[in-house]
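So that the names make sense, note that chain A is the first sequence line, chain B the second, and so on, each numbered from 1.
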4 protein chains.
Amino acid sequence: MANDTKDNILNAAKQLFAKRGYDGCNVDHIADKAKVNKATIYYHFKSKALLYETVLELNLRRFLKRLRKKVHEHDSPERKLEAFVSTYASNFADDQQMAPLMLRELASDGTHLTDKTRAVLSEIIAEVDVILEEGRASGLFIDAKSFIPYFMIVGSMNIFTSTKKLRKKFQNNDNDFGFAATIDETAQELSRIILNGLKK
Amino acid sequence: MANDTKDNILNAAKQLFAKRGYDGCNVDHIADKAKVNKATIYYHFKSKALLYETVLELNLRRFLKRLRKKVHEHDSPERKLEAFVSTYASNFADDQQMAPLMLRELASDGTHLTDKTRAVLSEIIAEVDVILEEGRASGLFIDAKSFIPYFMIVGSMNIFTSTKKLRKKFQNNDNDFGFAATIDETAQELSRIILNGLKK
Amino acid sequence: MANDTKDNILNAAKQLFAKRGYDGCNVDHIADKAKVNKATIYYHFKSKALLYETVLELNLRRFLKRLRKKVHEHDSPERKLEAFVSTYASNFADDQQMAPLMLRELASDGTHLTDKTRAVLSEIIAEVDVILEEGRASGLFIDAKSFIPYFMIVGSMNIFTSTKKLRKKFQNNDNDFGFAATIDETAQELSRIILNGLKK
Amino acid sequence: MANDTKDNILNAAKQLFAKRGYDGCNVDHIADKAKVNKATIYYHFKSKALLYETVLELNLRRFLKRLRKKVHEHDSPERKLEAFVSTYASNFADDQQMAPLMLRELASDGTHLTDKTRAVLSEIIAEVDVILEEGRASGLFIDAKSFIPYFMIVGSMNIFTSTKKLRKKFQNNDNDFGFAATIDETAQELSRIILNGLKK
DNA sequence: AATGAATGAGAATTCATTCAT
DNA sequence: CATGAATGAATTCTCATTCAT
């Protein structure tokens, strides 16, 4: 029961933090959504800030695990990078909260990130770094700072996922810039451009 | 004098909204930073929400104007795209607030965006769209949805600029993923990968 | 109006802090008693703690001023000491809050005392110290540490004033220990014992 | 084992009630200090209020017993009064909590005192009363209300013991009012002044 | 145009207490 | 006996906003 309670809180918190940001949502609301008493949240997590940190760390860790698993199913740097992007996409398709959560954190320059959570973030970037290094070593890829392709992927996928409603508002226009694309189409095209761009 | 006051408020607001987000900063704090009385803010802008909208619209409009001017100094799609990216970079180099401001807005799915401001945003994307269309028309570029290169640029440049402090925290590690790069270097490498990636 | 408001708050606070102690009374209650909105208290005093400190300092300062004035109307150490005690008494007769306020502060070892307020306290003791020094110098008084007569006066007068209701509960007994005495009678007898006790 | 737990709770409670007062300390904190679960406190004592009353009654009773024993070792009123004061002092020297505990109770006009506990208090005063009565009967002491010497002793000894830290803060001054005295010196001087003052 | 004062509605956090185990 | 979990009711403090001047 205790674990159920904790999970309910963590899920409710994740949704609201994603939707409204840390400052934009309140503990009452989280308690309502989790169907627990507000004080119960403070019993399990000591403060709103610690709850937020827990949500972030837990989800990033889970995300890293899934990315790794999928990436390591492949051998060539190209397939690995594709796997990274497509897993990124499929994860975001299932879990709509991750994208705004990460984006807000980046926008606030990691203010709420603990050392442990930053370490997880680092391991995610490292996945891309290793792939690029392999690509460079085998003469496939040009020499480029790892963070640039990483930011390209993270930036575009997170923005795409976060702006579901916003993108719809452009679809009345004569030009919707392709905004109606699915996340998988987007991931594929993104992969294609990046891989092509990195190729020697 | 009246305009001085208004500008002071707009500047203070921009800095604080950028740093802490709409919900994360309060009118008292803006008043303090602008060195005006809190009621003065309500005299010039009707509410916190309207102040925020004004900040956003004003700055996006200014940003669009600068991008346009620089892009239109060039002729070929390639040079134009490069100009778009490098102007993006130089603007962010001068104005550290724009990046987190935009990023937060995207993370919150444009909740605070007025129709007018969304229109400005649309015109910025349209700049890229036109360039890509030209490129496609002249057989230089592959056929790709415009928003993808756009999100790649916006995502990576905004994340890079927003995470100055965060990136520094990675620089003790043996691998800093190239995070120490300047914004201009970053823009150049980004241009190179995207142009290469779009090329037929 | 602003000063009226502040005074209302200070008075209400004084009464409640005296009656229930710092932790025993709440800001809502003070606001009710002062007939102001709770937020108004926070506007004028930044926190409950600062309100408390202000109450303490203001009242101790006023108390010191009155003691000094009366003491300095006399010449001999004996008359001065009597004046000190009787003024102490007459002040406490008018202002029932001062005694429990001071007593609680002493009980909590001056935890809430600011440097400035401690200085006022010091000046009150100094009044007694000077009197005793004069008495010793003119060969009237025995050599005794100043704080002891001071604590005797402060202790007995403050306890007497603070325990109005408690003392009444003893008055059904066959022996009420003299608890029914007035504050002036008490002060006189106290003076007599101390003066007699200090005499060479 | 059961008694161990109860004693741990009573000791922890005594220390915290003394340091912070009834309202200033919370059951969680007592539980932490006693190294028991919070619910255990409610198992042994029914409420915070009852725990407090138990602490008070137990300790006052113990205090009374010790005072009585020492006082009754002497015969003359003078020696008995001296014994009362010196036992007061030696008890407070061993048990730093008693003084603030009593002082707070007096400051709050006995609000938390049960009838039983008030009866114990009464018996303590009665000890002094009997001594003074004897002194008056044998023509040694002047006629004075018993509570006044009692309040002088209680007031000064309790204030002295409660203000260990506060007194230290005065010791940088050029005049420390004798605050550096030990409790035994203080008790001796107090005895001397009171006895001298009561003498016919 | 600008400001000090005031406030209603909320927000985070605490706390004494209960209860199932 | 003892405890982890849970909670209703406070409690301190904040905040966007208004208003008289």
Side-chain angles (χ1 to χ4, degrees), chain A residues 1-6 9 22-31 35-51, chain B residues 1-6 9 22-31 34-52, chain C residues 1-6 9 22-31 35-51, chain D residues 1-6 9 22-31 34-52:
Chain A
M1 190 117 298
N3 263 328
D4 266 15
T5 303
K6 260 184 134 168
I9 295 169
Y22 179 80
D23 295 299
C25 81
N26 55 298
V27 180
D28 282 83
H29 202 344
I30 297 173
K35 282 172 189 157
V36 300
N37 185 283
K38 191 172 26 163
T40 305
I41 294 182
Y42 284 88
Y43 175 77
H44 286 286
F45 306 89
K46 292 200 170 175
S47 68
K48 187 187 179 186
L50 279 171
L51 171 58
Chain B
M1 190 119 301
N3 263 327
D4 260 19
T5 303
K6 254 185 137 166
I9 296 169
Y22 180 80
D23 294 301
C25 81
N26 57 304
V27 181
D28 283 82
H29 201 344
I30 297 173
K35 283 173 189 159
V36 301
N37 184 280
K38 188 167 38 159
T40 305
I41 293 182
Y42 283 86
Y43 175 78
H44 286 286
F45 306 88
K46 287 197 171 178
S47 68
K48 187 189 179 185
L50 279 171
L51 171 58
Y52 180 79
Chain C
M1 190 117 296
N3 262 327
D4 267 15
T5 303
K6 261 185 133 167
I9 296 169
Y22 180 81
D23 295 300
C25 81
N26 56 299
V27 180
D28 283 81
H29 201 344
I30 297 173
K35 283 172 188 157
V36 300
N37 185 284
K38 191 177 19 169
T40 305
I41 293 182
Y42 285 89
Y43 175 76
H44 286 287
F45 306 88
K46 292 200 171 175
S47 68
K48 186 188 179 187
L50 279 172
L51 171 58
Chain D
M1 192 118 299
N3 263 328
D4 260 19
T5 303
K6 253 185 137 165
I9 295 169
Y22 180 79
D23 294 301
C25 81
N26 56 304
V27 182
D28 283 83
H29 201 343
I30 297 173
K35 283 171 188 159
V36 300
N37 185 280
K38 189 167 38 158
T40 306
I41 294 182
Y42 282 86
Y43 175 79
H44 286 285
F45 306 87
K46 286 198 172 178
S47 68
K48 187 189 178 185
L50 279 171
L51 170 59
Y52 180 78

| query | Considering heavy-atom distances to DNA chain F, does K46(C) or A39(A) have its closest nucleotide positioned more toward the 5' end? | reply | A39(A)
| query | If you measure from CG on N26(B) to NZ on K38(B), what distance do you get to the nearest 0.5 Å? | reply | 8.0 Å
| message | Starting the side chain at C-beta, find the nucleotide from dT17(F), dA16(E), dT7(E) nearest to V36(C). | response | dT7(E)
| message | If the cut-off is 4.0 Å, is T40(B) near the phosphate of dT3(E), judged by side-chain N/O to OP1 or OP2? | response | yes
| field | I41(B) CD1 - dC15(F) P separation (whole Å) | value | 13 Å
| task | Any chance you could lay out the side chain to side chain contact (heavy atoms under 4.5 Å, CB included) test for N37(C) and Y43(C), step after step, and finish with the verdict? | result | CA-CA 10 Å; N37(C) 185 284; Y43(C) 175 76; over 6 Å; no
| remark: Y52(D) atom OH is separated from dA16(E) atom C1', nearest whole Å, by 17 Å
| request: Starting from P on dA10(F), measure out to CG on D23(C) and report it in whole angstrom. | output: 18 Å
| message | Expressed as a whole number of angstroms, how long is the span from D28(A):CG to dA12(E):P? | response | 7 Å
| field | OP1 or OP2 of dC15(E) under 4.0 Å from side-chain N/O of N26(D) | value | yes
| field | Whole-Å distance separating the CG atom of D4(D) from the P atom of dC1(F) | value | 12 Å
| query | Does H29(D) have a side-chain nitrogen or oxygen under 4.0 Å from the phosphate oxygens OP1 or OP2 of dT14(E)? | reply | no
| request: Check whether the side chain of K38(A) and the base of dT7(F) form a donor-acceptor pair under 3.5 Å. | output: no
| query | How close or far is atom C1' of dT18(E) from atom CZ of F45(D), stated in whole angstroms? | reply | 18 Å
| Candidate nucleotides dG8(E), dA5(E), dT17(E), ranked by approach to the side chain of H44(C) - the nearest | dA5(E)
| Is K48(C) reaching over with its side chain to a backbone N or O of Y22(C), donor-acceptor style, under 3.5 angstrom? | yes
| field | Student check: side-chain heavy atoms of V27(A) and L51(A) closer than 4.5 Å | value | no
| Is any side-chain N or O of T5(B) closer than 4.0 Å to OP1 or OP2 of dA1(E)? | no
| Of the candidate nucleotides dA12(E), dA6(E), dA6(F), which contains the atom at the shortest distance from the side chain of Y42(A)? | dA12(E)
| message | Could you report the tightest heavy-atom contact between I9(D) and I30(D), atom names first, then the distance? | response | O-CG2, 4.2 Å
| task | Measure the spacing between CD1 of I41(A) and CG of L50(A) and express it to the nearest 0.5 Å. | result | 13.0 Å
| field | Atom-pair distance (CD1 on I9(A); C1' on dA6(F)), nearest Å | value | 10 Å
| field | Check: dT11(F) base within 3.5 Å donor-acceptor of K48(C) side chain | value | no
| request: For T5(B) and T40(B), work out which heavy atoms get closest and say how close. | output: CG2-CG2, 3.8 Å
| query | Quick one: stems for DNA chain E, with Watson-Crick or G-U pairs under 3.5 Å, at least three in a row? | reply | E:2-21 with F:2-21
| message | I want to check one thing: is the phosphate of dA6(E), taken as OP1 and OP2, less than 4.0 Å away from some side-chain N or O of N37(C)? | response | no
| query | Does a side-chain N or O from S47(A) land closer than 4.0 Å to OP1 or OP2 of dA12(E), or not? | reply | no
| message | Using whole Å, what does the distance between atom C1' of nucleotide dA5(F) and atom NZ of K35(A) come to? | response | 20 Å
| query | Is the distance from OP1 or OP2 of dA6(F) to the nearest side-chain N or O of Y43(A) less than 4.0 Å? | reply | no
